Protein chains: 2
Amino acid sequence: MVKAAARQPVPARRADAERNIAAILEAATRLLSADPAASVADIAKAAGVGRVTLYGHFPSREALVDAVLDHTVGLADAVLEDPALDKAPAPEAMAKLLHSSWEILDRHRRLFLAADRVLPTERIREHHDRPLRRVERLIARGRQDGDFRGDLPLPWLVTTFFSIIHSAAQERETGRLAADEVEQVLIKTMLSLLSPAAGSGPA
Amino acid sequence: MVKAAARQPVPARRADAERNIAAILEAATRLLSADPAASVADIAKAAGVGRVTLYGHFPSREALVDAVLDHTVGLADAVLEDPALDKAPAPEAMAKLLHSSWEILDRHRRLFLAADRVLPTERIREHHDRPLRRVERLIARGRQDGDFRGDLPLPWLVTTFFSIIHSAAQERETGRLAADEVEQVLIKTMLSLLSPAAGSGPA
């Protein structure tokens, strides 16, 4: 028996593991999006796996939340793929990018709050590396075109995008910002920040 | 003996406890400011108390970091007390407030990073309630004077102050912002955000 088990083909085991991982990520995304305090036990139950199996793949709540964030940001980044971002005037493209980014973040707002409880901000930011590269490219183009300011470091302007949109998620959750005002507030805030400062425009 | 111990006057015990708490907070502030990953065991040792005593006052790392943050922000808020803030024109007062706030935050930057690892952002923000009320009063005055924009919600502008100055602490720690550029970057960023938008100034 032991020998037969040992001979079980590796691909089948791997397929099992991958199915379990996918089920856990799906359940974790769903439960944490509804309640950032959802327990690992409830996530295992919803995924139809035992806690031992879950902990075999994700040894801590932190590891699980980290994986869920990675998975979700990956999907979100694909949604942000939009050829118009490379063509429209930069301020208009920035408004579009904020609209799409907020739509995705708002849908997964509680997931972000769950991540914020167990992961350092810097780690959350690392997960956003790919979408933030889109932001960086767009701001760089706006600077070349003279639509955006050139007197603040580019990485700092990218950081303010990350920081402002994530602050908005928290403001929305605490009720300090109403659902129907967030998008306009984000667009106004970011465009004010990016406008060439008085006297710092193209010479 | 037991009876004598039981009769030990309560004030003496309370004085002991207060001395221990003060020593723990002092050691925790010092060690976490040097290394946000400093262990609770090392903090107890530096404070000259046993781990059992430390855990008696602060049952978890989270509780200890929370108390250190509360203590430090309280001291910082006293430093921000500056009559000039109520008299200088609002943009000038805002630059002063950013200068002083950054000076304090930079000194305790790693403490903030330690807090960011174990506390949700919303909790960190709650600790900043008192200094943020100064920011709020100043922005409100700038709006009345027509120096600051009135087309974005006041609580949102206060949030951007919190979020931008804390982002700067992270950028500084990761090396994305150089020590000598932070203050000017913060002042430019915040004043751009607060300037009356083109066409939205006093009618």
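Quick caveat, the model's predicted, so the values are computed rather than measured. Numbered from 1 within each chain, the chains take letters A, B, ... in sequence-line order. Reckoned from all heavy atoms, side chains included, excluding hydrogens, waters and symmetry mates.
For B/L177, the part lying near chain A is the side chain, with the backbone staying farther off; criterion is any non-hydrogen pair under 4.5 Å. Looking at A/L119, the atoms closer than 4.5 Å to chain B (heavy atoms on both sides) all sit in the backbone: N, CA, C or O. At a 4.5 Å heavy-atom cutoff, the contact between B/R125 and chain A is made by side-chain atoms alone. Using a 4.5 Å cut-off between heavy atoms, B/A168 touches chain A through backbone and side chain atoms alike.
Most heavy-atom pairs under 4.5 Å with chain B, from the set A/Q170, A/K188, A/E181, A/E173: that is A/K188. Among A/R117, A/H166, A/E122, the residue with the largest count of heavy-atom pairs under 4.5 Å with chain B is A/E122. Each of B/I164, B/L191, B/T159 has some count of heavy-atom pairs under 4.5 Å with chain A, and the biggest count is that of B/T159.
When all heavy atoms are compared, the tightest approach of B/A47 to B/A23 is CB-O, 3.6 Å. Across A/T29 and A/S33, no two heavy atoms sit closer than the pair O-OG, 2.5 Å. Contact detail for B/L69 and B/A115: the closest heavy-atom pair is CD2-CB, 4.1 Å.
Looking only at side-chain heavy atoms (C-beta outward), B/T160 and A/L193 stay at 4.5 Å or farther from each other.
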>> Show, in sequence, the C-alpha distance, side-chain angles and deciding distance for B/S101 and B/L97, and conclude whether the side chain to side chain contact (heavy atoms under 4.5 Å, CB included) test is met.
In response: CA-CA 6 Å; B/S101 303; B/L97 187 57; 4.1 Å; yes

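Proximity to chain B among residues 81-91 of chain A is not found for any residue, judged by heavy-atom separations below 4.5 angstrom.
A salt bridge links B/D16 with B/R19: the closest approach of a Lys/Arg side-chain nitrogen to an acidic carboxylate oxygen falls below 4.0 angstrom. Taking 4.0 Å as the cut-off between side-chain N and carboxylate O, B/R30 and B/E26 count as a salt-bridged pair.
Of the candidates B/R133, B/H128, B/R130, B/D77 forms a side chain to side chain donor-acceptor pair (under 3.5 Å) with just one, namely B/R130. Put simply, the residue from A/V65, A/L64, A/T72 that forms a side-chain contact (heavy atoms from CB on, under 4.5 Å) with A/L32 is A/V65.
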